[in-house]
Amino acid sequence: MDSTLQSKPREDDQPRVDDTDSRDATGASAISVSDLSKTYGEGEDAVEAVDSVSFDIEPGTAVGILGPNGAGKTTIIKSILSLIVPTDGSAHVHGTNVFLEPDEAFRHMGAMLEGARNTYWRLTVRENLEIFSVIGGHDYRKRGAYLDDLIEQFRLVEKEDTVVRELSRGQKQKVSLACTMARDAEVVFLDEPTLGLDVESSIDLRRELSRLVREDGSTVVLSSHDMDVIQEVCDRVIIVNDGEIVVDDSVENLLDLFETQSYEITVDDTVSDDLRERLGDRYDASDFAMQGDSMVFEATILGDQFYDLVDDIRDAGLSVESFDSVELDLEDIFLQVTDEGSETLSVGSHYE
């Protein structure tokens, strides 16, 4: 783990938690967050970054925590890592309360944080991997082959004896990732892990993260704006907006849900401005474009709204030439359930 995660929070900074039992009541979750809140400032200037967030993450799964900038996701992650002391609530890692027993909790965790000095820049690549292996409780002298594999995997063979401060930004990112993996932690937190990586290294990272979860049984918590890595690696997605969880569901369920709700529609003539506005209000219609004599646009349709949309088009004197479903990816879903996309979607009990 990053060396910044080795000091305890000050006693007077402790959140309001019940210290009678630092163990997760379920005893099953790799991570358990309960009613976590964080407010910065006081009075009229107070900003509520996180508002009573609760979730559990099972061992051996990969979970993506997503949200627009300022949504609260980084505060949540840093609270679990005990880098931020929350205003209220609790967080447990493998049954250990991270605020009351941070040293014990840190034994289970590894982290790579965006923009942080995650490695020792005055040491070489090889020396960093050896140190982080020791921090993880291992004898690096007996793990030479494993460290060699990490160096080769991240294409750092020619740089293994170079001090980190002399590396490029992308190479520093690779070293940070390799050091996180060198600890063999049960729970790994990665904040924007593909930032600065070339395409080939990013693909290698996805493969390694998938192996960590599927083969080694590690628990991975991943925050990234790279939706491809989230979609490929994660089993589940938690989307945070305005300090609250707005989506908590499996990637598969989200993709299945939205696949049948978005359509590309072709009509036989130009859609008037009035009709565009009406279709936009009712069906989130957008991307109107002429293709020859026809006009194509996209719309999101819930339930039996399909028939209402067709009626609206016919009432305007137009005919539908084609009606094709559009397969959305995770980025489309993210935009639709945050303020960067449509306002609110009522799609089942997994959504708050």
Side-chain angles (χ1 to χ4, degrees), residues 48 51 64-73 223-232 234 236-352:
E48 192 169 41
D51 183 13
I65 298 183
L66 310 179
N69 291 333
K73 60 185 185 298
S223 176
S224 177
H225 285 92
D226 184 347
M227 294 298 173
D228 289 336
V229 70
I230 294 288
Q231 189 166 330
E232 183 172 335
C234 293
R236 171 181 164 205
V237 172
I238 296 172
I239 299 179
V240 181
N241 201 26
D242 292 331
E244 299 180 345
I245 294 176
V246 294
V247 170
D248 184 353
D249 209 340
S250 69
V251 172
E252 183 179 5
N253 284 349
L254 289 172
L255 294 175
D256 287 346
L257 172 68
F258 280 82
E259 181 178 357
T260 59
Q261 293 182 339
S262 288
Y263 294 86
E264 183 180 86
I265 301 159
T266 304
V267 296
D268 62 349
D269 204 346
T270 303
V271 176
S272 67
D273 291 340
D274 288 344
L275 181 57
R276 290 190 194 191
E277 184 176 353
R278 189 159 64 251
L279 296 179
D281 290 340
R282 295 181 180 179
Y283 314 104
D284 198 26
S286 62
D287 298 331
F288 291 87
M290 292 299 297
Q291 290 187 0
D293 295 329
S294 304
M295 177 161 277
V296 179
F297 63 92
E298 291 189 8
T300 300
I301 302 170
L302 304 177
D304 58 5
Q305 284 185 335
F306 172 90
Y307 303 102
D308 296 333
L309 174 58
V310 172
D311 288 341
D312 286 341
I313 292 173
R314 288 175 176 171
D315 289 345
L318 301 173
S319 298
V320 176
E321 293 184 345
S322 64
F323 212 100
D324 301 313
S325 63
V326 176
E327 182 176 353
L328 300 185
D329 59 21
L330 197 56
E331 184 171 5
D332 297 313
I333 295 171
F334 171 75
L335 292 175
Q336 290 200 42
V337 297
T338 65
D339 289 341
E340 295 175 31
S342 59
E343 291 294 323
T344 304
L345 290 171
S346 178
V347 290
S349 60
H350 289 285
Y351 298 76
E352 299 177 350

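All figures in this text were calculated on a predicted structure; none of them were measured in a lab.
Annotation for S223 and I65: closest pair OG-O, 3.4 Å, computed over non-hydrogen atoms. Of all non-hydrogen atoms in V247 and I245, the two that sit nearest each other are O-CG2, 3.4 Å. Of all non-hydrogen atoms in G64 and C234, the two that sit nearest each other are N-SG, 3.4 Å. In terms of heavy-atom proximity, E321 sits nearest to S294 at OE1-OG, 2.8 Å. Smallest separation of non-hydrogen atoms from F297 and S286: CB-O, 3.5 Å.
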Criterion side chain to side chain contact (heavy atoms under 4.5 Å, CB included) on M227 and L66, from CA distance to verdict: CA-CA 9 Å; M227 294 298 173; L66 310 179; 4.0 Å; yes
Donor-acceptor pairs under 3.5 angstrom involving side-chain atoms of residues 267-276: please list them, not counting sequence neighbours.
unit_1, atom_1, unit_2, atom_2, d
D268, OD1, S319, N, 3.1
S272, OG, L275, N, 3.2
R276, NE, V271, O, 3.2

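Residue Y283 forms a side-chain contact (heavy atoms from CB on, under 4.5 Å) with just one option from R278, E298, Q305, and that option is Q305.
Atom NZ in K73 sits 11.0 Å away from atom CD1 in I239 (nearest 0.5 Å). Atom CD1 of I265 sits about 8.0 Å away from atom CG of L279, to the nearest 0.5 Å.
Partners of D312 by salt bridge (Lys or Arg N to Asp or Glu O under 4.0 Å), not counting sequence neighbours, listed by chain and number: R282.
No more than 12 heavy atoms of other residues, nucleotides or ligands sit less than 6.0 Å from atom CG of D293.
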